[in-house]
Amino acid sequence: MELIFEIGAEGRKLSLLPECDVPETAMPDSLSRTAAPHLPQLSENEISRHYTKLAERTHGVNNGFYPLGSCTMKYNPKVDEEAAALPGFNRVHPLQNEKTVQGSMAVMKKLQDSLAEITGMDEFTLQPAAGAHGEFTGLLLIKSYHTDRGDTKRNKIIVPDSAHGTNPASAAMCGFEVVSIPSAEDGCVDLEALKAAVGDDTAGLMLTNPNTVGLFDKNITEITRIVHEAGGLCYYDGANLNAVMGIVRPGDMGFDCVHVNLHKTFSTPHGGGGPGSGPVGCKDFLKDFLPGYRIREDEYGYHYSIADKTMGAVKMFHGNFLVIVRALTYIMTLGKEGIPEASSNAVLNANYLRKKLDDVYTMAYDTTCMHEFVMDIADLLHETGCSALDVAKAMLDYGIHPPTMYFPLIVHEALMVEPCETEPREVLDSFADCLHEIYKEAHDHPENLHSAPHHAAIGRPDEVEAARHPVVRYSWDD
């Protein structure tokens, strides 16, 4: 497919902008270009066709199955998009007087309270713009707490080896030393390794439960007790909340703060660069360190509130507001009955699919999972020479987006599958049939998998070359 720079011709144009209705002001010479920029020159027809072709080559949940493990790529109800598009929400300005945006403030307050109830926390900030940004904010809460008490020797954050890669990165960005502990044979936290790691220099523990291999840690309350007895705090990575929302709460497991991915669990399109949102909640003893602005309500209406010991803003104004609108619409549509039902169906779908596949594929942990499971392709690689990458590439010919590859790192030939609650049984059966066919093809004609995909818009690129020598800008012939 041609790039947009490679189509069109000089002199072609279209009129998209209305005539200027304000006086024109000349740009100062110091800010003016000395030569016109190189830009494509196209007609409206050419532009429309170009971006339509791009859309046709893009795979998303509207096109087909998207079982990307650890990312919850589920279909999001369009009513949430309609709510976010209401003029009263998408035309407000963050600097408006609070008396003029009471409706928007009511939305933020309602979401703060709803997330607090779902997670078992006491207070929330909606400022963080993504999951990793939420991690960063939560760790700053922990740091602020220890610093406020004068306990500055606590400079270590414990992170399991199965954690999301952003966990150690966020801890390092906050100035903590990262202590990695191994997983036990069952894929969960090794209690003895945890006991050996904690001490008077422990600031906290970062953990998600269910964890990255899709297992709910049966020792979770013992884990948080060990950290608390050592004087540390417990941080809950909410990336996998889709499996337990409405059923069990991080606050009841013993966690002190949590981030929630609104763009995973609570209905905002995930991927393509955003928008994301990672609100952070905490127990009462941490609330004074939260970033502003939080929303307070009294008999006179809604008001902005900033705590005395606040860490300061982590994002301008109130976070990604329209994502907040989507999330609240999603929560209120499902209600107290629908939210746990969504979690239950996510777990049901994952276990159904796991059992449909375990007759030929090796499961990294052959036990009941939560919302996702990990297949270990090492046995297939040994038998046929076909790797996890080969299996994933072969799925493209079936119109299926591959699962997450080679993650978590503790499973070397990993394919992590998360079917999500929004997929019907027929889709799961079709996916299982596809993987059975790929398994047979790997044994009968392994060379076909090595060169897959064969019918996708793009064949197998040289990914190493693309990563090491990316071409990120167009070079004009002149």
Side-chain angles (χ1 to χ4, degrees), residues 119-122 131-213 215-240 249-259 280-290 309 311 408-410:
T119 60
M121 295 290 134
D122 297 313
H133 198 194
E135 293 172 19
F136 180 75
T137 304
L139 289 167
L140 286 180
L141 276 178
I142 292 175
K143 189 168 191 175
S144 298
Y145 169 77
H146 291 309
T147 301
D148 185 65
R149 298 170 67 245
D151 200 356
T152 55
K153 65 180 178 297
R154 296 189 177 275
N155 65 342
K156 294 181 179 178
I157 293 290
I158 299 171
V159 180
D161 61 0
S162 64
H164 290 106
T166 51
N167 285 181
S170 297
M173 285 187 66
C174 290
F176 289 114
E177 180 181 336
V178 178
V179 178
S180 178
I181 58 172
S183 299
E185 290 186 2
D186 63 358
C188 297
V189 172
D190 186 323
L191 292 182
E192 295 307 313
L194 177 61
K195 291 175 183 177
V198 298
D200 60 4
D201 58 356
T202 299
L205 167 77
M206 296 187 79
L207 192 70
T208 184
N209 191 41
N211 62 18
T212 305
V213 294
L215 303 177
F216 192 94
D217 200 312
K218 61 183 181 299
N219 297 314
I220 190 61
T221 54
E222 176 68 7
I223 291 168
T224 54
R225 183 193 65 79
I226 291 171
V227 175
H228 285 151
E229 287 190 354
L233 300 184
C234 296
Y235 175 86
Y236 184 92
D237 182 327
N240 296 339
R249 308 190 305 175
D252 299 333
M253 300 179 206
F255 288 93
D256 303 296
C257 55
V258 54
H259 90 260
V280 169
C282 65
K283 290 297 183 70
D284 191 71
F285 72 95
L286 290 173
K287 68 179 183 181
D288 287 342
F289 305 107
L290 283 170
K309 297 181 180 180
M311 66 176 70
L409 300 179
I410 58 176

key: Working for side chain to side chain contact (heavy atoms under 4.5 Å, CB included), residues Arg249 and Thr119   = CA-CA 5 Å; Arg249 308 190 305 175; Thr119 60; 5.7 Å; no
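- Checking Ser180 against Asp161 by side-chain atom types alone, no donor-acceptor pair falls below 3.5 Å.
- Salt-bridge formation is detected for the pair Lys156/Asp201: a Lys NZ or Arg NE/NH1/NH2 atom is positioned less than 4.0 Å from an Asp or Glu carboxylate oxygen.
- Atom CD of Glu185 sits in a sparse spot, with 12 or fewer heavy atoms from other residues, nucleotides or ligands closer than 6.0 Å.
- Judged purely by atom type and a 3.5 angstrom limit, Thr212 uses its side chain to pair as donor or acceptor with the backbone of Ser162.
- The backbone N or O of Met206 lies less than 3.5 Å from no partner atom in the side chain of Asp237, so there is not a single donor-acceptor pair.
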task = Give the C-alpha distance, both sets of side-chain angles, the deciding distance and a yes or no for side chain to side chain contact (heavy atoms under 4.5 Å, CB included) between Phe255 and Tyr235.
result = CA-CA 6 Å; Phe255 288 93; Tyr235 175 86; 5.7 Å; no
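- Contact between Ala230 and Val198 at its shortest, heavy atoms only, is CB-CB, 3.7 Å.
- Of the possible donor and acceptor atoms, one in the side chain of Tyr236 sits under 3.5 Å from a partner among the backbone N and O of Asn209.
- In this structure, the side chain of Asp190 engages the main chain of Ala193 through a donor-acceptor pair within 3.5 Å.
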inquiry  = Determine whether Asp200 and Arg154 satisfy the following criterion, salt bridge (Lys or Arg N to Asp or Glu O under 4.0 Å), listing intermediate values before the conclusion.
reply    = CA-CA 7 Å; Asp200 60 4; Arg154 296 189 177 275; over 6 Å; no
request  = Test side chain to side chain contact (heavy atoms under 4.5 Å, CB included) on Val179 and Val159 and set out the steps.
outcome  = CA-CA 6 Å; Val179 178; Val159 180; over 6 Å; no
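- Side-chain contact check for Thr137 versus Leu290: every heavy-atom pair is 4.5 Å or farther apart.
- Checking each of Glu135, His133, His164 against Ser170 for a side-chain hydrogen bond (donor to acceptor under 3.5 Å, both in side chains) leaves exactly one that passes, namely Glu135.
- Listed for the Asn211 side chain is a donor-acceptor partner under 3.5 Å among the backbone atoms of Leu215.
- You'll find the side chain of Val258 reaches within 4.5 Å of the side chain of Met121, heavy atoms only.
- Looking at Ile226 and Leu205, their side chains never come closer than 4.5 Å, going by heavy atoms from C-beta outward.
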Would you mind writing out the side-chain donor-acceptor pairs for residues 280-288 within the sub-3.5 Å range, not counting sequence neighbours?
{"residue": "Lys283", "atom": "NZ", "partner": "Gly251", "partner atom": "O", "Å": "3.3"}
{"residue": "Asp284", "atom": "OD1", "partner": "Lys287", "partner atom": "NZ", "Å": "3.1"}

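- Side-chain atoms of His228 never come within 3.5 Å of backbone atoms of Leu233 as a donor-acceptor pair (strictly under, hydrogens ignored).
- With Thr224 contributing its side chain and Met253 its backbone, the two residues share a donor-acceptor pair below 3.5 Å.
- Counting heavy atoms from C-beta on, the side chains of Pro408 and Val213 come closer than 4.5 Å.
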